[in-house]
Asks: 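This is the structure, below, for whatever I ask next.
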2 protein chains.
Amino acid sequence: MSEQLMTIREMCDAFSVTPRTLRFYEARELIFPQRRGQHRLYDRRDRARLTLILRGKRFGFSLEQIRQLLELYEPGGTNQTQIAATIQIGRERLADMERQYAELEEAIVELRQQLAEAESRLPAGTGNKISG
Amino acid sequence: MSEQLMTIREMCDAFSVTPRTLRFYEARELIFPQRRGQHRLYDRRDRARLTLILRGKRFGFSLEQIRQLLELYEPGGTNQTQIAATIQIGRERLADMERQYAELEEAIVELRQQLAEAESRLPAGTGNKISG
DNA sequence: CGTCTCGCTTACGTTCGCGTCAACTTTCAC
DNA sequence: GTGAAAGTTGACGCGAACGTAAGCGAGACG
């Protein structure tokens, strides 16, 4: 039971995606489910990758960028040059994310200020639902 | 000179966008440059809005979401219902951003770990540039 | 045996965010 | 004035990331 294979429908329900999406990711070589005959079967690795894919998307990365990143999580080849290249890509994504992190914090602070200001223009208790 | 009007080209150079982009944002009602005859002129407000637009995009928001958010930064109408609705949208975006912030931190930690692990598979000093 | 459901592939359609002409007008330097 | 540069409005095009419909097996069920 360490493998726990899932059908495409089970995957869709678990991750809230459509079959089309999973097949699309496979076509773009982001996941590689095994086949039982014609049918796809997804194992733990596939689920881990899908988790990373969906997360990457939420951060605004393209599927191609995510595909490259995924190589970091799979010790694909032992080729030194290849590994170094993958690491380089990982560093760039990391830098992106750190920039985004800092900027996001700033934006959150600003938005909170604007919200507070806007709320002050409303009479007390006008559709406000902060607690409860 | 408190207004400091800029032409479309100056805006493009300042924000690294194309004229097409600025006209597109205007068509979508995200910015409202004044006109001198036919030509557009951008003031401080327009620049502030553009800054917010580009920032919002980096966080993965759609232009429509950004447009709605921008109303927060402009005390547009005094209609209470309208203001309350805008605030509601602002709260939702803020929640999005806070979720994203937390998730981003987690992803950064994970990616750092993966990078460290991958780097350990390389002989020391193979294209590595950590301290520059 | 028929038919239902699930999944497969192929292929065209769609939305978003612009890029890229094309054809004009406006402005500015000289 | 004249010509080049800069700006304008359509209109069509494009890549990314899927949606959607068509049509074809393969099993399960009664």
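Here is the naming used below: chain letters follow the sequence lines, and residue numbers restart at 1 for every chain. The figures that follow rest on heavy atoms only: side chains count, while hydrogens, waters and symmetry mates do not. Keep in mind it's a predicted model, so treat the numbers as computed, not measured.
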Asks: Among pairs that include at least one residue of residues 27-37 of chain B, which meet salt bridge (Lys or Arg N to Asp or Glu O under 4.0 Å), considering only residues two or more places apart or in two chains?
Replies: B/E26-B/R35

Asks: Show me the donor-acceptor pairs, under 3.5 Å and distance only, between side chains in residues 7-15 of chain B and residues at least two apart or in other chains.
Replies:
{"from": "B/T7", "atom 1": "OG1", "to": "B/R9", "atom 2": "N", "distance (Å)": "3.3"}
{"from": "B/T7", "atom 1": "OG1", "to": "B/E10", "atom 2": "N", "distance (Å)": "3.2"}
{"from": "B/R9", "atom 1": "NH1", "to": "B/D13", "atom 2": "OD1", "distance (Å)": "3.2"}
{"from": "B/E10", "atom 1": "OE1", "to": "B/T7", "atom 2": "N", "distance (Å)": "2.9"}

Asks: Applying ring pair (Phe, Tyr, Trp, His ring centres under 6.0 Å), name anything that partners B/F32, two or more places apart in sequence or on another chain.
Replies: none

Asks: Mind running a 4.0 Å heavy-atom check of residues 11-23 of chain A against DNA chain C and sending the residues that fall below it, in number order?
Replies: A/R20, A/R23

Asks: With B/R20, which residues qualify under salt bridge (charged side-chain N to carboxylate O under 4.0 Å, His left out), at least two apart?
Replies: none

Asks: Which sits closer to the 5' end of DNA chain D, A/F24 or A/H39, going by the nucleotide each is nearest to?
Replies: A/F24

Asks: Identify, with sequence neighbours excluded, every residue that meets side chain to side chain contact (heavy atoms under 4.5 Å, CB included) alongside A/Q65.
Replies: A/F61, A/S62, A/R93

Asks: List in chain and number order the residues that pass side-chain hydrogen bond (donor to acceptor under 3.5 Å, both in side chains) with B/R23, two or more places apart in sequence or in another chain; answer none if no residue qualifies.
Replies: none

Asks: Using the side chain to side chain contact (heavy atoms under 4.5 Å, CB included) criterion, which residues pair with A/Q68? Sequence neighbours excluded.
Replies: A/E64, A/I89

Asks: Where does the chain A footprint on DNA chain C start and end, counting 5' to 3' with a 4.0 Å heavy-atom cut-off?
Replies: C/dG7 to C/dA11

Asks: Would you list the pairs meeting ring pair (Phe, Tyr, Trp, His ring centres under 6.0 Å) in which at least one residue belongs to residues 100-120 of chain B, sequence neighbours left out?
Replies: A/Y101-B/Y101

Asks: Residues two or more places apart in sequence or in another chain: which of them pass salt bridge (charged side-chain N to carboxylate O under 4.0 Å, His left out) with B/E98?
Replies: A/R112

Asks: In Å and rounded to the nearest 0.5 Å, what is the CZ to CG distance from A/R91 to A/D96?
Replies: 14.0 Å

Asks: Quick one: how far along DNA chain D does chain A reach, first to last nucleotide 5' to 3', anything under 4.0 Å to a heavy atom?
Replies: D/dA17 to D/dT20

Asks: Identify whether any heavy atom of A/R35 sits under 4.0 Å from a base atom; if not, whether one sits that close to sugar-phosphate; answer base, sugar-phosphate or nothing.
Replies: sugar-phosphate

Asks: Assuming nearest nucleotide by heavy-atom distance, tell me which of B/Q38 and A/L41 is located more 5' along DNA chain C.
Replies: A/L41

